[in-house]
Amino acid sequence: MAALHGLIRGLLNATEAHEGVTARGWVRTRREGKGFSFLELNDGSCLANLQVIVDDGAPGSEALPDFQTGASVEVTGDLVASPGKGQRWELRATRVALLGQADSEYPLQKKGHSLEFLRTIAHLRPRSNLFGAVFRVRSRLAYAVHRFFQERDFVHVHTPIITTSDCEGAGEMFRVTTLKGDIDAKPSADFFGKPAFLTVSGQLEAETFACALSRVYTFGPTFRAENSNTSRHAAEFWMIEPEMAFCDLAGDMDLAEEFIKELAVYMREQCGEELALFERFVDKEVRRRLDFVIERPFQRVPYSEAVEILRRSGRKFDYPIEPGLNLQSEHERFLTEEHFKAPTTVFNYPREIKPFYMRLNDDGRTVTAMDVLVPGIGEVIGGSQREERLDQLRENLRRQQLSEADYWWYVDLRRFGTVPHAGFGLGFERLLMFLTGVANIRDVIPFARTPGSADF
RNA sequence: UCCAGAGUAGCUCAAUGGUAGAGCACGCGGCUGUUAACCGUGGGGUUGUAGGUUCGAGUCCUACCUCUGGAGCCA
């Protein structure tokens, strides 16, 4: 019986009627009948509401006028088969109690609200069907991410959030300081004795652990101070970065593709109720896209070949296609959605457009970079085999005008027992957008931080 | 940061330069084992902000603010 005193999810999944159960939650709507009222109760444990029947005169029913949308209540009664359509079980109340009132100013009324409006009430939107579903899915997929790596003997490493290397090379960084006034006047007086920042990637630190524990991954907050105003960028997001010693680019691509597939399968099998909601109200194509990724084998194509395909496609693109230029979103989407009609991994990019840590190929012109492209989104994963040769890494640093002294510990990995190793990075929110169909990154983060906005 | 669009009731939206409206929500009444119930009725507004044009501005002009979409950067 104890379990039945738990969440509404448990009550609705009951296999038989039960007397004397208690449900707690928030009122979604109330309908008054002759001599009794219907309450729809939701506690966020699942999408569905629990229908409650309260007879006039039942203990606590005198407060029913205050059981308005948004109010928190506790109901005790008997779980019985529902004679009405639309639900299997309902709760016949023997006692009701108002825990917390919600008056008519409660902004989340029982009506369709725009996503833009819901963002302005981020403290209340988890009580809506859509956002309850999004954040239940976010939690389960975070679990699936850990499960994927733990089952493959990866060690979870908590890489630092504050860093003093301002040269991780992945974009503008947020400054962390305890100084007042001119913070650049005397950096040695600062808390860490030098300028400090919020991390833009845990990769370099993860590499050190991979070169000790063989297989590691990070899954944590990441920060970018870029003034990016798009539906795909946030100043604070969660990144997943596996790193594997004794692994080359092929092994890296294998893992990336397996990862995407497994999470799509997990979404399909473990989040069916939410997926149905997303399919209906958010993105009619989401289930088809998941099946597309699950069923179709990934295509692998070198960058040079991808460029040729784009050139010969006869398609007019807004941006030029030339060897040595980065592929634009429109190019990536053409490859995966129209040309291959499959998830696609592009690899071996020109060294000029990629960071110093990527391994130089024997041709001397390309590096072992790879991007995994999926339909609807484009790039979801970027990774590479890392440059493990000491001399070559030093040359890469020189070419990109980076100081070896700033990377002394990173270079040390190549001095002492260096090994081939590889890894990739994945934005957790972008993965969520792909798996749920939600179009704006602000709607898969509980409280989004974007330029000019850090409320709540 | 660049380009485009939008800000009118709590929410979603109407309103030829000429008296600011509807639906939902909320109050009241009615009806009903109802399903975002239904029917009737009532209250609800500094039209994003500041200027300007005009006899008259929600509507036209200028600036700013905010939001949205797209681009760049990227995950």
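Note on naming: letters A, B, ... go to the chains in the order of the sequence lines (proteins, then strands), and numbering restarts at 1 for each one.
If you look at A/Y217 and A/H156, their ring centroids are closer than 6.0 Å.
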Donor-acceptor contacts under 3.5 Å from residues 299-307 of chain A side chains, at least two apart:
| from | atom 1 | to | atom 2 | distance (Å) |
| --- | --- | --- | --- | --- |
| A/R300 | NE | A/E257 | OE2 | 3.0 |
| A/R300 | NH2 | A/D254 | OD1 | 2.5 |
| A/R300 | NH2 | A/E257 | OE1 | 3.1 |
| A/Y303 | OH | A/E322 | O | 3.4 |
| A/Y303 | OH | A/G324 | N | 3.0 |
| A/Y303 | OH | A/L325 | N | 3.3 |
| A/Y303 | OH | A/L325 | O | 2.6 |

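Salt bridge A/R333/A/E330: absent, no basic N to carboxylate O contact under 4.0 Å. Salt-bridge formation is detected for the pair A/R399/A/E352: a Lys NZ or Arg NE/NH1/NH2 atom is positioned less than 4.0 Å from an Asp or Glu carboxylate oxygen.
If you take CZ of A/F38 and C1' of B/rC31, they are 14 Å apart, rounded to a whole angstrom. Distance, A/Q68 CD to B/rC26 P: 6 Å, rounded to whole Å. When rounded to the nearest whole Å, the span between CD of A/E332 and C1' of B/rA71 equals 14 Å. Rounded to whole Å, atom P of B/rC67 lies 12 Å from atom CG of A/N440. Atom pair A/D56:CG and B/rG33:C1' shows a separation of 14 Å (rounding to whole Å applied). With rounding to whole Å, A/D443 atom CG is found 9 Å from B/rG69 atom P. Here the C1' atom of nucleotide B/rC74 and the CD1 atom of A/I381 are 15 Å apart, to the nearest Å. Between A/F317 atom CZ and B/rG70 atom P there is a gap of 19 Å when expressed in whole angstrom units.
For the P atom pair drawn from B/rG21 and B/rG44, the interatomic distance equals 12 Å after rounding to whole Å. Annotation: B/rG52 and B/rG40 have their C1' atoms spaced 48 Å apart (nearest Å). When the C1' atom is compared between B/rU16 and B/rC60, the two are found 13 Å apart, to the nearest whole Å. Remark: the separation of the P atoms in B/rG70 and B/rA9 is 26 Å, to the nearest Å. Spacing between B/rC13 and B/rG72 at atom P, rounded to whole Å, works out to 28 Å.
A/T222 comes within 4.0 angstrom of nothing in the nucleic acid, heavy atoms only. At the heavy-atom level, A/R119 lies under 4.0 Å from the strands shown only through sugar-phosphate atoms. The residue A/Y319 sits close only to the backbone: its heavy atoms come under 4.0 Å of sugar-phosphate atoms, none of a base.
Annotation: side chain to side chain donor-acceptor pair (under 3.5 Å) contacts of A/E273 (sequence neighbours excluded): none. Among residues two or more places apart in sequence or in another chain, the side-chain contact (heavy atoms from CB on, under 4.5 Å) test is passed with A/F237 by A/T222, A/R224, A/M239, A/E429. The side chain to side chain donor-acceptor pair (under 3.5 Å) search around A/Y410 returns A/E207, A/R414, not counting sequence neighbours. Not counting sequence neighbours, A/E379 has no partner by the side chain to side chain donor-acceptor pair (under 3.5 Å) test.
For B/rC73, the base has a donor-acceptor partner in the side chain of A/S228 [N/O atoms by modelled type, under 3.5 angstrom]. Checked by distance alone, A/E32 brings no side-chain donor or acceptor within 3.5 Å of a matching partner on the base of B/rU32.
With 3.5 Å as the limit, one finds a donor-acceptor pair spanning the side chains of A/K110 and A/T29.
Applying the ring-ring contact (aromatic ring centres under 6.0 Å, His included) test to pairs two or more places apart or on separate chains, none has a residue in residues 62-106 of chain A. Within the structure, salt bridge (charged side-chain N to carboxylate O under 4.0 Å, His left out) contacts touching residues 119-131 of chain A (residues at least two apart or in different chains) are A/R119-A/D443, A/R125-A/D443. Residues in residues 39-50 of chain A take part in these salt bridge (charged side-chain N to carboxylate O under 4.0 Å, His left out) pairs, two or more places apart or across chains: A/R31-A/E40. Here salt bridge (charged side-chain N to carboxylate O under 4.0 Å, His left out) pairs that include residues 49-73 of chain A, with residues two or more places apart or in two chains, are A/D55-A/R92.
Residue order along RNA chain B, read from the 5' end via each residue's closest nucleotide, puts A/N227 first among A/M239 and A/N227.
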Assign a letter to each nucleotide of nucleotides 2-15 of chain B from its 5' end: B, base within under 4.0 Å of a protein heavy atom; S, sugar-phosphate only; -, no contact.
-> ---------SS---

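RNA chain B contains the following stems of three or more consecutive Watson-Crick or G-U pairs, with both distances under 3.5 Å: B:1-7 with B:65-71, B:10-13 with B:21-24, B:26-30 with B:38-42, B:48-52 with B:60-64.
Residues from residues 80-94 of chain A that place a heavy atom under 4.0 Å from any atom of RNA chain B, listed by number: A/S82, A/P83, A/G84, A/K85, A/Q87, A/E90, A/R92.
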